[in-house]
2 protein chains.
Amino acid sequence: MDGQMAPQILPPPQHQRRKRGKDASAVTLKDVARLAGVSAITVSRAINQPDVVSEETLTSVRKAIEQLGYVPNLLAGGLKSSQSRLVAAIVPSIGTSMFAEAVEALTDRLSDAGYEVLLGLSGFAQSREDRILSAVLSRKPDAIFLTGIDHSARARQQLLAAGIPVVESWDLTPNPIDIAIGFSHENAGRAAAKHFLEKGYDRIAVISASDKRALQRRDGFLKHLAETGRTDVALRLTETPGSLERGREALADLLNGGVQPDSVFCTVDPLAQGAIIEAQVRGLDVPGDLAVMGFGNFSFSPHIHPSLSTISFDRRKIGELAADLILAELGGTPSPERVVDIGFTLVERQSTG
Amino acid sequence: MDGQMAPQILPPPQHQRRKRGKDASAVTLKDVARLAGVSAITVSRAINQPDVVSEETLTSVRKAIEQLGYVPNLLAGGLKSSQSRLVAAIVPSIGTSMFAEAVEALTDRLSDAGYEVLLGLSGFAQSREDRILSAVLSRKPDAIFLTGIDHSARARQQLLAAGIPVVESWDLTPNPIDIAIGFSHENAGRAAAKHFLEKGYDRIAVISASDKRALQRRDGFLKHLAETGRTDVALRLTETPGSLERGREALADLLNGGVQPDSVFCTVDPLAQGAIIEAQVRGLDVPGDLAVMGFGNFSFSPHIHPSLSTISFDRRKIGELAADLILAELGGTPSPERVVDIGFTLVERQSTG
DNA sequence: GATGTAAATGGTATCGATACCATCATGGAG
DNA sequence: CTCCATGATGGTATCGATACCATTTACATC
């Protein structure tokens with residue numbers, strides 16, 4: 001990868017043409033038409049607008065399709081109709097369930113509407129997002145789902161030029177490119193801080209992953225504490241994505257460093273789970289000796305012991321809403337709401353007893 | 001969903017054409033050509049085979065591209081060249097890291113080679129796989145990545161007709177459609193059984209998810225035990241995907257049912273983690289009172305307490321190998337290996353101490 | 001100086017489907 | 001009986017790029 005601005009055009013494909021000359025599935029609309037004894041357009045209509053074709057032709061066309069095993073070529077259709085029935089989803093990663101669930105919900109819902117999802121993984125780096133965005137846009141998706149609201153100037157420009165519905169997710173912004181669906185991570189952090197204060201915790205620590213949104217939660221948490229006069233908060237940063245392993249390490253590091261917190265806020269649940277385990281291994285009682293709060297309400301969180309207090313938000317709903325708003329916009333009846341705050345809830349469980 | 005055989009053709013799109021008449025990004029190859037003062041084909045060559053174009057033209061073409069913000073239309077290119085640079089990946093789900101990691105690895109590697117991944121989620125149901133397969137094939141992917149080796153007759157036929165590289169993953173088979181990458185789940189189960197016997201466990205139980213591969217592991221486990229004369233094995237089935245919650249429930253159910261196992265094999269790690277937690281909550285020592293073994297070596301498994309003995313296999317490698325073999329085949333130099341056994345390793349940790 | 005070869009570029013047909021407009025029955029209104 | 005709306009179907013151009021073949025120029029060879 002060159003350090004320079006990535007060229008707008010993809011690197012030249014290096015692979016040869018596929019060897020088999022004619023594709024085995026050379027069955028086209030025309031073949032079906034011939035067999036059914038009608039014209040190609042009629043076959044096209046039989047498929048896409050069955051109600052304008054007579055029952056009789058419909059039957060014979062369907063039979064011909066069946067017989068030939070015809071599979072329409074969406075590339076060709078999309079070229080002429082400028083509808084690819086493709087929605088691109090660009091997320092940092094699907095290795096943790098964080099984004100995977102949203103993508104899954106998005107895919108499920110779009111699939112029912114006859115759209116497919118093109119997956120792009122940006123890996124938390126903006127430069128890579130740009131590259132993937134270019135690649136993806138050349139497939140002329142009908143809409144695009146992005147993570148976050150920070151995009152390069154080039155990216156914004158390309159998205160605008162594409163003239164398609166764009167959903168920015170996980171975050172909120174007053175100026176979405178098109179639509180934003182998310183919630184305030186800073187407020188989520190503040191909510192955690194408030195909870196800690198209400199519980200009377202005194203020696204507070206934070207373990208945070210280092211991606212932008214985790215840091216926003218951390219900042220919200222610290223700000224709220226600062227506003228109530230507390231600035232003596234121990235902090236450990238870990239890699240993104242935050243994992244159980246990193247959580248253990250970070251807590252161990254805190255404790256070994258002489259810090260004796262009575263509570264720790266972890267900016268993502270796996271970190272919190274790790275912290276709990278590390279505490280338990282060291283013979284500390286959670287929440288008696290150390291209260292732990294996470295973020296994200298992962299599927300394991302209610303079921304570990306002690307169950308994990310966390311901040312919950314509906315990941316699947318982000319994907320579903322995105323799909324709904326995209327479909328509405330594609331359907332010509334865009335929702336007037338451009339920014340959707342899906343909110344979050346603080347779920348108090350045993351770990352902050 | 002009708003109970004009948006899904007029609008080969010997708011349901012008619014119900015959404016209107018997008019409202020904006022002309023796409024804002026109406027910049028085509030021709031526009032670039034005009035500005036650069038060359039013909040369209042030369043621009044095409046400048047992009048795809050830069051080495052056959054003179055340095056001079058290359059420069060002016062690149063400038064024109066930059067200036068106009070040209071984004072190539074891969075739909076059109078793909079139509080003529082019958083290369084979509086698209087690889088379809090159909091997996092049951094990406095909500096758990098099980099398949100997500102393989103898809104992620106596949107996507108990463110293909111992305112570097114200039115391919116994009118089209119994601120299909122089949123949700124463990126074969127009927128849905130068929131429907132998604134049809135939808136996906138109409139996009140003319142250059143290759144396809146599937147989960148499992150069980151596909152309907154229609155699916156096989158369509159895949160064969162498509163004439164593209166097909167990777168079946170997670171499982172092995174002597175008769176792959178094209179390429180299979182996986183390992184023997186039955187043997188994995190056997191390995192677990194063998195380990196239990198070596199450790200001298202006596203009252204053995206199994207908690208299994210109910211998807212096909214989990215059941216194969218369970219069966220391998222039970223068969224091996226049966227072959228050594230043990231048939232008194234308590235068994236609990238849970239939903240797929242197996243989760244921590246289900247693991248707790250299943251173990252609770254076993255213990256409440258009067259079964260007193262000294263060891264339990266869980267066919268997927270999250271179930272095992274759940275079992276450990278349930279045991280601990282009940283005051284049982286793991287592994288002293290109850291040994292637990294999982295499967296999959298999830299990222300949390302080495303770091304929980306006690307650390308989880310499990311059967312490890314390289315999920316990312318499946319995706320990477322798939323990408324490599326696909327690229328090799330597309331590049332005209334297919335690997336002679338049609339079936340790749342990536343194997344597995346039993347990792348002994350504290351939970352079967 | 002004639003000829004051959006490679007490099008650089010252009011022209012045209014074409015991929016497979018759909019948009020758009022035209023055509024042709026059919027049948028009810030006047 | 002004519003007229004025209006309606007329904008069903010076909011013809012043709014076209015989407016944007018690339019394959020294929022042709023052409024032009026430069027330059028080395030004999």
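By convention in this document, chain letters (A, B, ...) are assigned in the order of the sequence lines, proteins followed by strands, and residues within each chain are numbered from 1.
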* Below 4.0 Å: OP1/OP2 of D/dG16 and any side-chain N or O of B/Tyr70 -> no
* Structure fact -> When rounded to whole Å, the CG to C1' distance for the pair A/Leu79 and C/dT14 reads 12 Å
* B/Leu29 CG to D/dT18 C1', straight-line distance once rounded to whole Å -> 9 Å
* Where the side chain of B/Arg45 is concerned, which of D/dA17, C/dT9, C/dA17 is the nearest nucleotide? -> C/dT9
* Hey, is the side chain of A/Thr42 poking within less than 4.0 Å of OP1 or OP2 on D/dA8, counting only N and O atoms? -> no
* Structure fact -> Rounded to whole Å, CG of A/Asp31 lies from C1' of C/dG16 at a distance of 11 Å
* Structure fact -> Comparing nearest nucleotides in DNA chain C, the 5'-proximal residue of the pair B/Ser39, A/Ser44 is B/Ser39
* Closest to side chain of A/Val38, choosing from D/dT18, C/dG16, D/dG10 -> D/dG10
* Asked: Taking only N and O in the side chain of B/Asn48, is any of them less than 4.0 Å away from OP1 or OP2 of D/dT18?
  -> yes
* To do: Look at the side chain of A/Ser169 and the backbone N and O of A/Leu146, then say whether any donor-acceptor pair between them is shorter than 3.5 Å.
  => yes
* Spacing between B/Ile47 atom CD1 and D/dT18 atom P, to the nearest angstrom -> 7 Å
* **Main-chain N/O of A/Ile94 paired with B/Glu104 side-chain donor or acceptor, under 3.5 Å** => yes
* **Residues B/Asp112, B/Arg109: salt bridge by 4.0 Å N-O rule** => no
* Does B/Ser54 put a side-chain nitrogen or oxygen below 4.0 Å from OP1 or OP2 of C/dT9? -> yes
* Rounded distance (Å) that lies between atom P of D/dT14 and atom CG of A/Leu75 -> 22 Å
* Salt bridge B/Glu55-B/Arg62, side-chain N to carboxylate O under 4.0 Å -> no
* Measure the distance from CG on B/Asp51 to P on C/dA6 and round it to the nearest whole Å. => 16 Å
* Is the shortest distance from a Lys or Arg side-chain nitrogen in B/Glu129 or B/Arg156 to a carboxylate oxygen in the other one below 4.0 Å? -> no
* **Separation of C/dC20 C1' from A/Lys80 NZ (nearest whole Å)** => 8 Å
* Asked: Closest nucleotide of DNA chain C for A/Val43 versus for B/Ile41: which of these residues is on the 5' side?
  -> B/Ile41
* Asked: Between A/Lys30 (NZ) and C/dA17 (P), how many Å, whole number?
  -> 9 Å
